[in-house]
Amino acid sequence: MRQLSTKYFKIDPKVPNLNHIQEAAEILKKGGVVAFPTETVYGLGANALDPQAVAKIFAAKGRPSDNPLIVHVAHIKDVEALAGPIPEQAWSLMEAFWPGPLTLILPKKEAVPPAVTAGLDTVAIRIPAHPVALALLKAVRLPVAAPSANLSGRPSPTTAEHVLKDLAGKIEAVVDGGRATVGLESTVLDLTAPTPTVLRPGGITLEQLQEVLGEVVLDPGLSQEGALTGITPKAPGMKYTHYSPRAQVYLVEGAPNQVAEKLKALVGEWKAQGKRVGIMATEEMLFRCREMTPPPDHIEILGSASHLQQAAARLFGALRNCDRYHLDVVFAQTFPEKGLGVAIMNRLRKAAGFKIIKADQG
Ligand code: TXA
Ligand code: MG
C-alpha cells in the first residue's frame, strides 16, 4: 500500500475550527479517508456513496470484506435516502437516542453501494453525538461510512494517538477532538428481525431500549454459552477476534473477596514463572488486593465499581496499555451484566477469547 503523509487537525470540540473542518470535509469529498472523533470511539470515514473511497477503509484497516460498515449522517431526514421502508419503532428510537450511541439496522435502499453493506440487503445507520463529528458531517453533506479507526482486531481507538499508532501513513488525515467520552462502540440494534435484536451491546443499554420498545432481545450468539456452543453472532463483525492485546487476557469471576484472593495468587504464580503480569480492576477491587507480594508489573484502574461509565471509557485504552508495558498476561475482574455492564463484559470476553477463571475453584 502507498505510504501517505497523514494530516493532523487538532479541533477543540467546544469551539470547532471551521477552517479545519472544511479541510477535512474536502478530503472526504475527494474520495479520501479521514479519522474523526465520535462520542463512542474514533471512526475512519469515507464517502458512503463512493465504492472506491469505501474500499480504502477496508484496505487501511485490513478489514475482512464481509464485515459491513455503519453509515453516519447529520440529520434524521438523511435516513430516508438510504433506508426504507422505515418501521414506526425506528422513528421513536431516533427521537429518543439520536444523536447518540445507537446504530439502527434497516432495510437498505439502492443508493447504498454493496461495498458498504458487504452485500447485505440491510444498512446500519447512526447520528453520532460529538460536536466535531456533527460539524464534519454537516460540512461534507454526504453520508459517511465509518468503522472504528483501528487496525482490524485491535481495541477500538478512544484517542487520536491510538488512531495514529494503528493507521499513520495509511490514511489521509486524522481529526483530533480529544478523548471519546463513552469509550465503547454504539449499540447495534436490528429492526429487520421479528423482535428488535441487539447485535452488539454498547452505549445505549438494553434497559433504555426496553423503555421505548417494550420487547428487545440480545442476540444469543453474544453470550458466553452461545460462543462456547458455536452459535454465530448475527452481526458479521462480532464473530471475529477483537480488542486483543498481545498479552493473554483472563477474566477472573466470583464473589469480590474470592476474586481478590485469586488475583493475588495468580500474580504470584505467573511472576514465579518469570512472566510480566498485569491486572485490570476497579478501585474497590484493588483496595481488596492491596499489599500484593510480589506486586504485579502493571495495574490498570477501571475507575469505581459504582460508576460503570468510567470502566467503559477506560477499557480500550487499558487494553492498549497492556502492549505498551509489554505484559505477557493480564487478569481482569468481571462486571455484573446490567446496564453498561453488558457491553463492558461483551468486550472483555472477546479480549479474553472467552477464557474465564472461576475464583471459587482451585
Ligand atoms: O460507535 C460506533 O458504532 C463506531 C463509531 C465510529 O460510530 N463504529 C463502529 O463500527 O464501531 P465498526 O465497523 O467497528 O462496527 C460495526 C458493527 C460490526 O460488528 C458490523 O458487523 C455491524 O456493526 N454491522 C454493520 N452493518 C450491519 C448490517 N447491515 N447488519 C448487521 N450488522 C452490521
Ligand atoms: Mg470495530
Side-chain angles (χ1 to χ4, degrees), residues 38-41 68 70-73 76 79 83-108 120 122-130 148 156 180-227 229 231-239 242 253 282 302-313 315 334-350:
T38 83
E39 79 283 25
T40 57
V41 300
I70 296 172
V71 180
H72 298 69
V73 296
I76 289 181
V79 174
I86 298 172
E88 205 43 53
Q89 291 169 320
W91 299 116
S92 315
L93 290 164
M94 292 178 210
E95 228 169 82
F97 300 116
W98 281 5
L102 176 67
T103 294
L104 299 178
I105 307 287
L106 296 164
K108 121 179 171 55
L120 296 176
T122 54
V123 59
I125 307 181
R126 86 174 185 105
I127 301 184
H130 191 291
S148 48
S156 299
T181 49
V182 175
L184 299 179
E185 304 91 336
S186 62
T187 302
V188 177
L189 181 70
D190 186 359
L191 288 178
T192 67
T195 307
T197 305
V198 170
L199 305 186
R200 178 177 71 182
I204 298 291
T205 64
L206 271 167
E207 293 85 345
Q208 285 175 291
L209 294 174
Q210 275 156 355
E211 265 178 44
V212 175
L213 293 174
E215 202 186 355
V216 187
V217 294
L218 191 62
D219 177 7
L222 300 180
S223 67
Q224 177 83 9
E225 299 71 35
T229 50
I231 304 176
T232 312
K234 196 163 170 242
M238 297 303 281
K239 68 175 182 284
H242 210 327
E253 188 179 73
T282 58
L302 294 177
S304 158
S306 53
H307 292 99
L308 282 189
Q309 64 275 29
Q310 292 178 350
L315 183 60
T334 60
F335 290 82
E337 294 193 53
K338 275 194 295 221
L340 263 183
V342 177
I344 294 171
M345 281 304 294
N346 169 265
R347 307 307 190 273
L348 271 175
R349 277 201 201 96
K350 283 176 71 100

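Since the model is a prediction, treat every value here as computed from it, not as a measurement.
Put simply, the side chain of Glu95 never gets that close to the backbone of Ser92: no donor and acceptor are under 3.5 Å apart. In terms of modelled atom types and a separation under 3.5 Å, the side chain of Thr187 and the main chain of Ile204 share a donor-acceptor contact. Listed for the Arg347 side chain is no donor-acceptor partner under 3.5 Å among the backbone atoms of Leu315. No donor-acceptor distance shorter than 3.5 angstrom exists from the side chain of His307 to the backbone of Ala305, with no hydrogens or angles considered. The backbone N or O of Met238 sits less than 3.5 Å from a side-chain atom of Lys350, completing a donor-acceptor pair. Ser186 places no side-chain N or O within 3.5 Å of a backbone atom of Leu102 that could act as its donor or acceptor partner.
Between Pro107 and Val123, the shortest heavy-atom distance links the atoms O-CG1, 4.3 Å. The shortest heavy-atom contact between Ala124 and Ile105 is CB-CD1, 3.6 Å. When every heavy atom of Thr205 is checked against every heavy atom of Gly339, the shortest pair comes out as CG2-C, 3.5 Å. The heavy-atom pair separating Pro196 from Leu213 by the smallest distance is CB-CD1, 3.8 Å. Shown here for Asp219 and Ala235, the closest heavy-atom pair between the two residues is OD2-N, 4.3 Å. When every heavy atom of Ile86 is checked against every heavy atom of Ala90, the shortest pair comes out as CG2-CB, 3.6 Å.
Residues satisfying the side chain to side chain contact (heavy atoms under 4.5 Å, CB included) criterion with Ser223, sequence neighbours excluded, are Glu225. Considering only residues two or more places apart in sequence or on other chains, Arg126 meets the salt bridge (Lys or Arg N to Asp or Glu O under 4.0 Å) condition with Glu39.
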Practice problem: Evaluate the side chain to side chain contact (heavy atoms under 4.5 Å, CB included) criterion for residues Leu106 and Thr122: first the C-alpha distance (whole Å), next the side-chain angles of each, then the deciding distance (0.1 Å), finally the verdict. | Solution: CA-CA 5 Å; Leu106 296 164; Thr122 54; over 6 Å; no
- Task: Quick one: do His72 and Ile127 satisfy side chain to side chain contact (heavy atoms under 4.5 Å, CB included)? Show the steps, please.
- Result: CA-CA 6 Å; His72 298 69; Ile127 301 184; over 6 Å; no
**Message:** Test side-chain hydrogen bond (donor to acceptor under 3.5 Å, both in side chains) on Glu185 and Thr40; report intermediate values, then the result.
**Reply:** CA-CA 5 Å; Glu185 304 91 336; Thr40 57; over 6 Å; no
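With contacts defined as side-chain heavy-atom distances shorter than 4.5 Å, the pair Met94/Val79 qualifies. Thr195 has its side chain out of reach of Val216: every pair of non-hydrogen atoms, C-beta onward, lies at least 4.5 Å apart. Side chains of Leu189 and Thr197 form no contact here, defined as non-hydrogen atoms less than 4.5 Å apart. At a threshold of 4.5 Å between non-hydrogen side-chain atoms, the residues Leu120 and Lys108 do not count as touching. Contact check for Leu222 versus Pro201: side-chain heavy atoms found under the 4.5 Å cut-off. By the 4.5 Å heavy-atom criterion applied to side chains, Trp98 and Ile125 are counted as neighbours. A 4.5 Å side-chain heavy-atom check between Pro99 and His130 finds every atom pair outside the cut-off. Between Leu218 and Val342 there is a side-chain heavy-atom pair separated by less than 4.5 Å.
Atom CD of Glu88 sits about 11.5 Å away from atom CG of Leu191, to the nearest 0.5 Å. Separation of atoms CD (Gln310) and CG (Leu340) is listed at 11.5 Å; rounding is to 0.5 Å. For the atom pair Phe335 CZ and Asn346 CG, the distance stands at 14.0 Å (nearest 0.5 Å). If you take CG on Leu209 and CG on Leu93, they are separated by 6.5 Å, rounding to the nearest 0.5 Å.
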